[in-house]
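Residue numbers begin at 1 in each chain, while the letters A, B, ... track the order of the sequences. No hydrogens, no waters, no symmetry mates; every other heavy atom, side chains included, goes into these values.
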Protein chains: 2
Amino acid sequence: MSKTIASRAEIEQADPIVTTPLETVGAIDFRFIELMFFAYRQFTADADAILASYGFGRAHHRILHFVNRSPGITIAELLDLLAITKQSLSRVLRQLIDEGFVAQVPGTEDRRQRRLYPTGKGRSLTLELSRQQARRIDAAIAGIGPEGPGVVAEFLRRMGGDERSALSWLDTKVLNQGSLP
Amino acid sequence: MSKTIASRAEIEQADPIVTTPLETVGAIDFRFIELMFFAYRQFTADADAILASYGFGRAHHRILHFVNRSPGITIAELLDLLAITKQSLSRVLRQLIDEGFVAQVPGTEDRRQRRLYPTGKGRSLTLELSRQQARRIDAAIAGIGPEGPGVVAEFLRRMGGDERSALSWLDTKVLNQGSLP
DNA sequence: GAAAATGCGTCAATAGTGCTGACCTATTCC
DNA sequence: GGAATAGGTCAGCACTATTGACGCATTTTC
């Protein structure tokens, strides 16, 4: 083993440290990356605090949200929206069902399906969670001009670009559904 | 044990399922909550793919980002920005150091400090990651009018409200720093 | 009507990121 | 010289996600 261990000086010579800050470039700042990071962190922090008091995490929130937005949603549809695996979903969903926040009802047309509905308890937790988040969004949007909501919504929609299909799926479901089979 | 187990029907009677979708309320949609979710997921997906090829995760990205934004940052400052514990940071930071993306240099004024600098390798990975994200932000902002960037930045800034101090800290650091001790 | 496909549940193992608590060194401050 | 500060590290736990492999019930297809 004649291989020598590189000294710190040698390493630095091979790849010297950089001391200049990574500055804003062009019209689109690196700043936006940080803004997204901090904004999303606060956005989720609101709900996280409440969830923790129920012994839940963010995953529970997401399931609860979409089940409330689209009662009667199937497992497969939920998996598509969340873009996680069946195994990841099941553990969390099971807790929500066992603790009575979500109920499963076999489909009538296709009895293999287990359609998901919020219970009263589930609906009210969702409302509690959403209220906090909506409040923050509301406060952030208020006062940035009348065009604010439209501009921001359009920005977010474009950011989620490849997933626009998920949003339009919700559009059709939220409006057309709601009657028990 | 005379306690009976509630039948499904009994449970449903106690807390009936809700079949009406959770619809948009007032000026601020529940829709915005989904928009934030989908937007952030795509925002991080860009970088995640690249990171995975290096065997890294999002935590590595965040450290790398702030070290690049503010070379010479101390551990304590980084902990404040990321809002995680020292133990969480150290595991990830260690990998970045061991693999030569970040270098530690003892402070000159206070030799207890371990100031963090990106190496050339670290700077270039950060640029690679940021380019993807900036591209998406750029595309999302382009075409929503000249006031777009300003409105969106202000919205995000307000969303991150309680953390504005973190952003202004960066402001001062990004501009004033950069000379090796 | 039998075979194949679909919708869902579940066991088992692993990774990434976060946490708490405890304890250690080196350095600076008073 | 003793306390406070900057940082490192060990050990254990929680949550969310992953992949792979089966199993069961129900539709669909030929």
| said: So B/Leu96 and B/Val67, do their side chains get closer than 4.5 Å, heavy atoms only? | reply: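 In short, these two side chains do not touch, never coming nearer than 4.5 Å.
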| With a 4.5 Å heavy-atom cut-off, do A/Leu93 and A/Ile97 have their side chains touching? |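 They are in contact (side-chain heavy atoms under 4.5 Å apart), so the answer is yes.
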| task | Sequence neighbours left out, what passes side-chain contact (heavy atoms from CB on, under 4.5 Å) with B/Ala76? Give chain and number order. | result |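 With sequence neighbours excluded, B/Ala76 shows a side-chain contact (heavy atoms from CB on, under 4.5 Å) to B/Thr74, given in chain and number order.
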Find the distance between [atom1] ([X]) and [atom2] ([Y]) and round it off to the nearest 0.5 Å.
X: B/Arg123; Y: B/Leu64; atom1: CZ; atom2: CG; answer: 9.5 Å
X: B/Gln42; Y: A/Arg158; atom1: CD; atom2: CZ; answer: 15.0 Å
X: A/Arg115; Y: A/Leu78; atom1: CZ; atom2: CG; answer: 12.5 Å
X: B/Ile137; Y: A/Ile33; atom1: CD1; atom2: CD1; answer: 5.5 Å
X: A/His65; Y: A/Leu82; atom1: NE2; atom2: CG; answer: 10.5 Å
X: A/Arg131; Y: A/Asp46; atom1: CZ; atom2: CG; answer: 13.0 Å

| said: The test is salt bridge (Lys or Arg N to Asp or Glu O under 4.0 Å); show your working for A/Arg69 and B/Glu34 and say whether it passes. | reply: CA-CA 10 Å; A/Arg69 283 286 276 173; B/Glu34 284 138 29; 2.6 Å; yes
| Results of salt bridge (charged side-chain N to carboxylate O under 4.0 Å, His left out) for A/Asp80 - residues two or more places apart only |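 A/Asp80 satisfies salt bridge (charged side-chain N to carboxylate O under 4.0 Å, His left out) with no residue once adjacent residues are dropped.
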| said: Rounded to whole Å, how long is the line connecting atom CG of B/Asp48 with atom P of D/dA17? | reply: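 Roughly 13 Å, once rounded to whole Å.
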| message | What is the distance, to the nearest angstrom, from the CG atom on B/Asp110 to the P atom on D/dA4? | response |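 Spelled out: CG on B/Asp110 to P on D/dA4 is 17 Å.
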| request: Verify the ring-centre separation between A/Phe101 and A/Phe56: is it less than 6.0 angstrom? | output: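 For A/Phe56 and A/Phe101, the ring centres are under 6.0 Å apart.
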| task | For DNA chain C, note the earliest and the latest nucleotide, 5' to 3', having some atom under 4.0 Å of a heavy atom belonging to chain B. | result |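 Extent of the interface on DNA chain C: C/dT17 to C/dT28.
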| Strand-adjacent residues in residues 123-132 of chain B, judged by heavy atoms under 4.0 Å from DNA chain C |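 By residue number: none to list.
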| query | Going by atom types alone, do B/Tyr54 and B/Glu128 pair a side-chain donor with an acceptor below 3.5 Å? | reply |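 There is such a pair between these side chains.
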If you restrict it to nitrogen or oxygen atoms, what contacts under 3.5 Å exist between nucleotides 7-11 of chain D and the protein, and what is each distance?
unit_1: D/dG7; atom_1: OP1; unit_2: B/Ile75; atom_2: N; d: 3.2
unit_1: D/dG7; atom_1: OP2; unit_2: B/Ala76; atom_2: N; d: 2.8
unit_1: D/dG8; atom_1: OP1; unit_2: B/Gln104; atom_2: NE2; d: 2.8
unit_1: D/dG8; atom_1: N7; unit_2: B/Lys86; atom_2: NZ; d: 3.2
unit_1: D/dG8; atom_1: O6; unit_2: B/Lys86; atom_2: NZ; d: 2.5
unit_1: D/dT9; atom_1: OP2; unit_2: B/Arg94; atom_2: NE; d: 3.4

Quick one: which protein N/O atoms are closer than 3.5 Å to N/O atoms of nucleotides 12-16 of chain D? Pair and distance per line, please.
unit_1: D/dT16; atom_1: OP1; unit_2: A/Gly57; atom_2: N; d: 3.4
unit_1: D/dT16; atom_1: OP1; unit_2: A/Arg58; atom_2: N; d: 3.2

